[in-house]
Amino acid sequence: IDIGKPTFLPIIPLYKLSKLIAKSHFPKIYSEHWDTHKMIETMMISANYLTAIFLKNNSKHPVIFRNHENKITKKIPKQYYNILKHLNSNAAVYTTDDTKVNHDGIGIDSYTHFTSPIRRFVDLYTHYLIKSIVYNEPVPKKILNSISLDFMTKLNKNVRNHRRMSIEIERLNIYNL
């Protein structure tokens with residue numbers, strides 16, 4: 001691959017920029033080993049973080065935030081911390097209570113899901129909220145009416161079940177190599 005070709009030039013500044021963003025704003029995800037996966041992860045986290053702040057400050061409707069409390073309290077070696085952090089990641093829950101928003105896994109105080117509207121209800125809902133602010137479009141009543149404590153409980157239970165299934169699949173892949 002000739003990275004001097006014009007078709008590759010735009011990606012190089014993005015790659016370097018993502019590394020700088022992670023190092024300065026999201027140090028919990030930064031590592032010296034940088035690749036395109038980290039670049040995309042950083043850009044997605046940036047979009048989700050900035051969207052959460054934008055909605056927190058501008059939405060007149062409930063915003064669904066992602067809250068992740070770190071339950072690992074003791075100081076442990078970094079290699080074990082990363083494994084435990086990964087296994088503990090199912091502790092993240094959705095909430096509409098903006099006083100309980102913290103994402104310890106990333107080290108930021110506001111986070112929502114915005115970057116995958118084809119996969120998650122929360123992302124789709126977040127897009128509706130943005131459209132309501134930017135274009136003054138109404139959020140469909142059926143969607144707004146579904147945002148309740150009961151809905152949040154069901155959503156969190158569903159997410160936990162999917163996360164448990166993912167962990168089990170990962171364990172099968174690790175042990176059945």
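Note that the coordinates shown come from a computational prediction; the quantities given were computed from them, not determined experimentally. One is the number of the first residue; the rest follow in order along the sequence. Worth knowing before you read on, the calculation uses all heavy atoms, side chains too, and leaves out hydrogens, waters and symmetry mates.
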Do the non-hydrogen side-chain atoms of [X] and [Y] ever get within less than 4.5 Å of each other?
X: Ser46; Y: Phe26; answer: yes
X: His103; Y: Ile106; answer: yes
X: Asp35; Y: His33; answer: yes
X: Tyr125; Y: Pro62; answer: yes
X: Phe65; Y: Val63; answer: yes
X: Leu124; Y: Tyr128; answer: yes

How long is the straight-line distance from [atom2] of [Y] back to [atom1] of [X], given to the nearest 0.5 Å?
X: Thr42; Y: Leu17; atom1: OG1; atom2: CG; answer: 9.5 Å
X: Ile53; Y: Thr112; atom1: CD1; atom2: OG1; answer: 11.5 Å
X: Thr36; Y: Leu14; atom1: OG1; atom2: CG; answer: 12.0 Å
X: Ser132; Y: Glu137; atom1: OG; atom2: CD; answer: 9.0 Å
X: Lys60; Y: Ile133; atom1: NZ; atom2: CD1; answer: 9.0 Å

From the options Ile143, Asn145, Val139, select the one residue that forms a side chain to side chain contact (heavy atoms under 4.5 Å, CB included) with Lys141.
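Testing Lys141 for a side chain to side chain contact (heavy atoms under 4.5 Å, CB included) against Ile143, Asn145, Val139 leaves exactly one candidate, Asn145.
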Given Ser59, which of Leu129, Ile130, Asp98 fulfils the side chain to side chain contact (heavy atoms under 4.5 Å, CB included) condition?
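That would be Leu129.
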Do Met39 and Leu20 share a hydrophobic cluster (ILVMFWY, side-chain heavy atoms under 4.5 Å, transitive)?
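Unlinked, Met39 and Leu20 end up in two clusters.
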Side-chain donor/acceptor of [X] to backbone N/O of [Y], under 3.5 Å:
X: Thr126; Y: His113; result: yes
X: Thr51; Y: Asn48; result: no
X: Tyr15; Y: Trp34; result: yes
X: His127; Y: Phe114; result: yes
X: Lys38; Y: Ile29; result: yes

Any chance the rings of His25 and Tyr49 have centres within less than 6.0 Å?
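No: the rings miss the under 6.0 Å criterion.
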Would you indicate whether Lys56, at its atom NZ, is surrounded by more than 12 heavy atoms from other residues, nucleotides or ligands within a distance under 6.0 Å?
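Counting other residues, nucleotides and ligands, NZ of Lys56 exceeds 12 neighbours.
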Show your working on side chain to side chain donor-acceptor pair (under 3.5 Å) between Asp97 and Thr95 and close with a plain yes or no.
CA-CA 5 Å; Asp97 183 351; Thr95 181; 5.2 Å; no
